[in-house]
Number of protein chains: 2
Amino acid sequence: MQKALTYETVMSYPGHPSADDVYRIISSEHSSISKATVYRNLSLLSEEGKIGRVESFGNGEVHYDHRPEKHYHGYCRKCGRVVDIELSYDNGIINNAFPMEDGFNITSHELIFEGICKECREKENDNGTERIKD
Amino acid sequence: MQKALTYETVMSYPGHPSADDVYRIISSEHSSISKATVYRNLSLLSEEGKIGRVESFGNGEVHYDHRPEKHYHGYCRKCGRVVDIELSYDNGIINNAFPMEDGFNITSHELIFEGICKECREKENDNGTERIKD
DNA sequence: TACTTTATTGATAACAATTACTAATAAGGA
DNA sequence: TCCTTATTAGTAATTGTTATCAATAAAGTA
């Protein structure tokens, strides 16, 4: 069943795969799987709360997450990678700061950090001191 | 010049128009304007820091903002409206909480509140007590 | 077992937001 | 005026995603 495959692929993925990432991984083993099936199952799985979904940011790609609970993410504006930010998702902090903003009833929030990820920074440093390779 | 027109339209818009909103408003007066021109000028204006840009959330539409400085937004999951949340954008708070997360160098952040906006809540209440109109 | 109903899938078309491309026009110097 | 640069309209192309739909698989039921 393709849904289980989709689930396994997200769970064993170290980072935050896009739908296309998941598709490419599965189809390397099961070349007959359809892209629509992957999209469909990713949607289902995240609706069921089995996997997490990270809204697109900057580039227009949704990413998925083996951690289903809410937590924060960093978006690298250089390579587009999505990384976990280890801060507990505390709705209380946010809701105390803004109990209700001009009639807007807040139920949740999304906090996305933008910056440069470790890998890209290291690459930058390498280029600064001694050029290894282009 | 169409760029000035685009700018004026965003500045006089009370809320947070999408590119298509801006296009529709301008083309009602200047029917010859092209959609590509509106998209191009909105991108230019936000790159120049003359207008703000609110990353798409939930639905895949970017919104623009007559306020160019960073501030927070609420996204209504019912009607898709984007509203301002009046809290000062304090990078210090956030950056003190996470000076640097596993090598990820944070330069800015985006905080989006999700919930139900005033108008949709009022509509809901109306339907709950006495139905006025469908 | 055979038969019917329900779920899941693959293939592909459709879609929406956005960008790329291009030739035409406008504007601004020399 | 001639030449160069900017800006534009119109349209095609791109991208991520969803809708459609017939084919297949699975599960129940008589």
Side-chain angles (χ1 to χ4, degrees), chain A residues 1-10 13 15-48 50-65 73 75 77 79-82 110 112, chain B residues 1-10 13 15-48 50-65 73 75 77 79-82 110 112:
Chain A
M1 195 204 242
Q2 316 298 57
K3 193 174 172 186
L5 252 175
T6 307
Y7 179 71
E8 294 306 329
T9 304
V10 174
Y13 195 95
H16 300 79
S18 66
D20 200 62
D21 290 333
V22 176
Y23 169 70
R24 280 206 312 275
I25 290 168
I26 298 181
S27 66
S28 74
E29 290 275 299
H30 302 77
S31 58
S32 73
I33 197 169
S34 165
K35 203 169 247 192
T37 302
V38 173
Y39 273 92
R40 195 183 323 111
N41 285 327
L42 286 171
S43 290
L44 289 171
L45 288 164
S46 65
E47 275 164 28
E48 293 163 9
K50 306 244 176 68
I51 62 175
R53 174 189 163 101
V54 187
E55 290 300 328
S56 87
F57 185 71
N59 72 342
E61 253 184 333
V62 170
H63 292 255
Y64 292 89
D65 196 330
H73 294 102
Y75 169 76
R77 69 159 171 279
C79 68
R81 200 192 313 257
V82 174
E110 189 109 347
I112 302 147
Chain B
M1 194 204 238
Q2 316 299 54
K3 192 175 174 187
L5 250 175
T6 307
Y7 179 71
E8 295 305 329
T9 305
V10 173
Y13 195 95
H16 301 78
S18 66
D20 200 62
D21 290 333
V22 175
Y23 169 71
R24 280 206 311 277
I25 290 168
I26 298 181
S27 66
S28 72
E29 291 273 300
H30 302 77
S31 58
S32 74
I33 198 171
S34 165
K35 203 170 248 193
T37 302
V38 173
Y39 272 92
R40 194 186 326 109
N41 285 325
L42 286 171
S43 290
L44 289 172
L45 287 164
S46 66
E47 275 165 28
E48 294 164 9
K50 306 243 174 70
I51 63 175
R53 175 189 162 99
V54 187
E55 289 300 328
S56 90
F57 185 72
N59 72 342
E61 254 185 331
V62 170
H63 291 256
Y64 291 89
D65 195 331
H73 294 102
Y75 169 76
R77 70 159 170 278
C79 67
R81 202 191 310 259
V82 174
E110 189 111 346
I112 302 147

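A quick note: this is a predicted structure, and the numbers were derived from the prediction, not measured. All chains are named by letter (A, B, ...) in the order of the sequence lines, taking the proteins before the strands, and each is independently numbered beginning at 1. Values reported hereafter were calculated over all heavy atoms of this structure, with side chains retained and with hydrogens, waters and symmetry mates removed.
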Practice item. Just do the side chain to side chain contact (heavy atoms under 4.5 Å, CB included) check on B:Tyr64 and B:Ser46 with the steps written out, would you? Key: CA-CA 8 Å; B:Tyr64 291 89; B:Ser46 66; 4.1 Å; yes
Review point. Are A:Asp21 and A:His16 close enough, and set up right, to give a side chain to side chain donor-acceptor pair (under 3.5 Å), and what steps lead you there?
Key: CA-CA 9 Å; A:Asp21 290 333; A:His16 300 79; over 6 Å; no
Check your understanding: Mapping B:Ala36 and A:Ser34 to their closest nucleotides on DNA chain C, which lands nearer the 5' end?
Key -> A:Ser34
Review point. Less than 3.5 Å between a donor and an acceptor, one on the side chain of B:Ser32 and one on the base of D:dA9, is that the case here?
Key: no
Practice item. Report yes if a side-chain nitrogen or oxygen of A:Tyr39 is closer than 4.0 Å to either non-bridging phosphate oxygen (OP1 or OP2) of D:dT18; otherwise report no. Key: no
Revision key, fill the gap. With A:Val10 as partner, the option from A:Ile51, A:Asn41, A:Ile25, A:Leu5 fulfilling side-chain contact (heavy atoms from CB on, under 4.5 Å) is A:Ile51
**Study point:** Note: A:Glu48-A:Lys3 ion pair, threshold 4.0 Å (strictly below)
**Key:** yes
Review point. What is the distance from CD of B:Glu55 to P of D:dG16, rounded to the nearest Å?
Key: 15 Å
Check your understanding: Roughly, in whole Å, what's the span from CD in A:Glu61 to P in C:dT18?
Key -> 16 Å
Check your understanding: Can you check the A:Asp20 CG to D:dG16 P distance for me, whole Å?
Key -> 7 Å
Review point. Roughly, in whole Å, what's the span from CZ in A:Arg53 to C1' in D:dT18?
Key: 12 Å
Point to revise | Nearest-angstrom distance from the residue atom NZ of A:Lys35 to P of C:dT9 | key: 18 Å
Review point. Given atom CZ of A:Arg40 and atom P of C:dA11, what is their separation to the nearest angstrom?
Key: 12 Å
Review point. Taking side chain as C-beta onward, heavy atoms only, is B:Tyr23 less than 4.5 Å from B:Ile33?
Key: yes
Review point. Quick one: is B:Thr37 getting a side-chain N or O under 4.0 Å of the D:dA9 phosphate, OP1 or OP2?
Key: yes
Check your understanding: Within the pair B:Asn41 and D:dT8, is there a side-chain N or O less than 4.0 Å away from OP1 or OP2?
Key -> yes
Practice item. Provide, to the nearest angstrom, the distance between the CE atom belonging to A:Met1 and the C1' atom belonging to D:dA26. Key: 9 Å
Review point. Picking from D:dT11, D:dT8, C:dT9, which would you name as closest to the side chain of A:Gln2?
Key: C:dT9
Revision key, fill the gap. The residue, A:Ala19 or B:Val38, whose nearest nucleotide of DNA chain D is more 5′ is B:Val38
Point to revise | Nearest-angstrom distance from the residue atom CG of B:Leu42 to P of C:dT18 | key: 9 Å
